[in-house]
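Order of listing sets the numbers, starting from 1, for every ligand and every atom in it. Keep in mind that the numbers below use all heavy atoms, side chains included, and drop hydrogens, waters and symmetry copies.
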Amino acid sequence: MGTLSLQNGLLTLIIVGILAANVKGDCSCAANECCSKYDFCGTTAEYCGEGCKSGPCTTTTNDVSVPDIVTEDFFNGILNQAQGDCPGKSFYTRAAFLDALNSYNQFAKSGSSDDGKSEIAAFFAHVTHETGSLCYIEERDVPTTENNCNADYPDYPCNPSKRYYGRGPLQLTWNYNYGAAGKAIQFDGLGSPETVANDANISFKTALWYWMTNVHQSVSQGFGATIRAINGPKECDGKDHSKVQSRIQYYQQYCTQFGVAPGDNLSC
Ligand SMILES: *[C@@H]1O[C@H](CO)[C@@H](O)[C@H](O)[C@H]1NC(C)=O
């Protein structure tokens with residue numbers, strides 16, 4: 001018996017090891033494939049059914065129509081807050097968001113209709129904060145010595161003449177995110193990161209890709225968990241209280257606009 005339970009223990013360790021090796025928040029599936037709850041790509045019910053994270057998932061659990069919530073008025077309400085010289089004003093459009101949404105049909109589809117609406121509120125709260133109300137396309141004041149290249153990701157080698165600073169609605173950053181997003185969305189993320197600042201459809205796709213890959217699964221734990229998933233190491237646990245508060249305020253404002261309660265655990 002002792003031997004048997006030791007064997008079971010080892011088997012469990014091996015299985016956990018195999019799963020953990022693939023769970024890197026890196027669900028770079030082809031366009032026709034689903035990303036399963038374990039971050040594997042495939043087209044059958046195992047991948048596209050229950051727990052499916054992105055791609056053509058077959059599970060939808062509420063009847064929220066995202067375009068009906070993200071109305072022209074709602075979207076322009078954010079854009080109109082942008083003051084002064086704003087490159088984003090002639091770049092970000094609701095049409096580009098809706099185009100990107102077609103590739104992520106599980107966005108706001110988990111849980112109840114109210115859960116869906118609060119996920120939309122959370123997404124746009126982070127977008128509003130990250131871009132200064134859709135004012136900025138590219139990260140400002142990046143030191144010229146910083147290329148945001150992390151060489152620990154051999155699958156996503158940096159192009160030495162490119163820089164991987166923040167771009168787009170959620171300010172996609174780092175070679176490994178550009179590489180993985182490019183693979184999933186089908187653009188040359190490593191060779192042409194500037195695409196995220198030039199093509200609004202792709203720009204919104206990178207934001208929804210990041211959201212569905214790294215944030216969506218935290219939504220049910222409260223808004224604070226989504227802050228942690230986006231910029232936790234720099235803001236949570238008292239590191240940058242004012243940025244956390246800014247995100248929370250936008251979230252509460254959008255929840256009010258959509259007529260849903262913001263829920264608990266707002267901070268991180
Ligand atoms: C962006 O998406 C819209 C709507 O699907 C489409 O009409 C437009 O051609 C796309 N733009 C680019 C640059 O692909």
Side-chain angles (χ1 to χ4, degrees), residues 27-35 43 48 52-58 60 63-82 85-109 116-117 119-124 126-128 130-139 159 162-173 175 177-216 254:
C27 219
S28 311
C29 304
N32 66 325
E33 291 178 328
C34 298
C35 173
T43 54
C48 299
C52 174
K53 285 191 196 165
S54 61
C57 304
T58 52
T60 51
D63 59 2
V64 164
S65 157
V66 179
D68 287 351
I69 306 296
V70 183
T71 58
E72 203 71 63
D73 275 356
F74 174 75
F75 195 93
N76 292 339
I78 300 174
L79 265 182
N80 291 339
Q81 298 300 309
D85 182 19
C86 280
K89 276 192 173 182
S90 50
F91 178 69
Y92 297 115
T93 61
R94 175 176 177 263
F97 168 72
L98 295 181
D99 178 72
L101 183 67
N102 287 328
S103 305
Y104 295 94
N105 62 2
Q106 292 303 288
F107 175 72
K109 288 295 184 180
K117 289 176 191 171
E119 179 165 3
I120 300 169
F123 176 82
F124 278 98
H126 290 295
V127 168
T128 305
E130 292 280 337
T131 59
S133 301
L134 296 173
C135 182
Y136 302 109
I137 306 170
E138 305 194 289
E139 188 177 349
N159 179 322
K162 298 294 177 178
R163 303 177 69 200
Y164 304 100
Y165 53 69
R167 293 181 183 87
L170 283 181
Q171 297 283 281
L172 189 75
T173 311
N175 55 309
N177 283 322
Y178 277 92
K183 211 168 145 193
I185 297 165
Q186 294 174 335
F187 75 101
D188 185 2
L190 290 168
S192 180
E194 58 276 13
T195 305
V196 181
N198 297 335
D199 181 322
N201 296 357
I202 288 178
S203 204
F204 265 112
K205 279 183 194 168
T206 66
L208 284 170
W209 169 81
Y210 189 86
W211 186 268
M212 295 309 291
T213 307
N214 299 300
V215 190
H216 175 72
Y254 299 156

Does a salt bridge link Glu194 with Arg167, judged by any charged N lying under 4.0 Å from a carboxylate O? no
Should His216 and Phe107 count as side-chain neighbours, where that means a heavy-atom distance under 4.5 Å? no
Compare all side-chain heavy atoms of Tyr92 with those of Ile78 and state whether any distance is below 4.5 angstrom. no
Taking only residues two or more places apart in sequence or in another chain, which ones pass side chain to side chain contact (heavy atoms under 4.5 Å, CB included) with Glu33? Cys29, Ala30, Cys41, Thr43
With sequence neighbours left out, write down each residue that passes side chain to side chain contact (heavy atoms under 4.5 Å, CB included) with Ser103, or none if nothing qualifies. Lys205
Heavy-atom contacts with ligand 1 below 4.0 Å: which residues, ordered by chain and residue number? Asp99, Asp199, Asn201
Taking side chain to side chain donor-acceptor pair (under 3.5 Å) as the definition, give me every residue that meets it alongside Asn201, ordered by chain and number, with sequence neighbours left out. Asp99
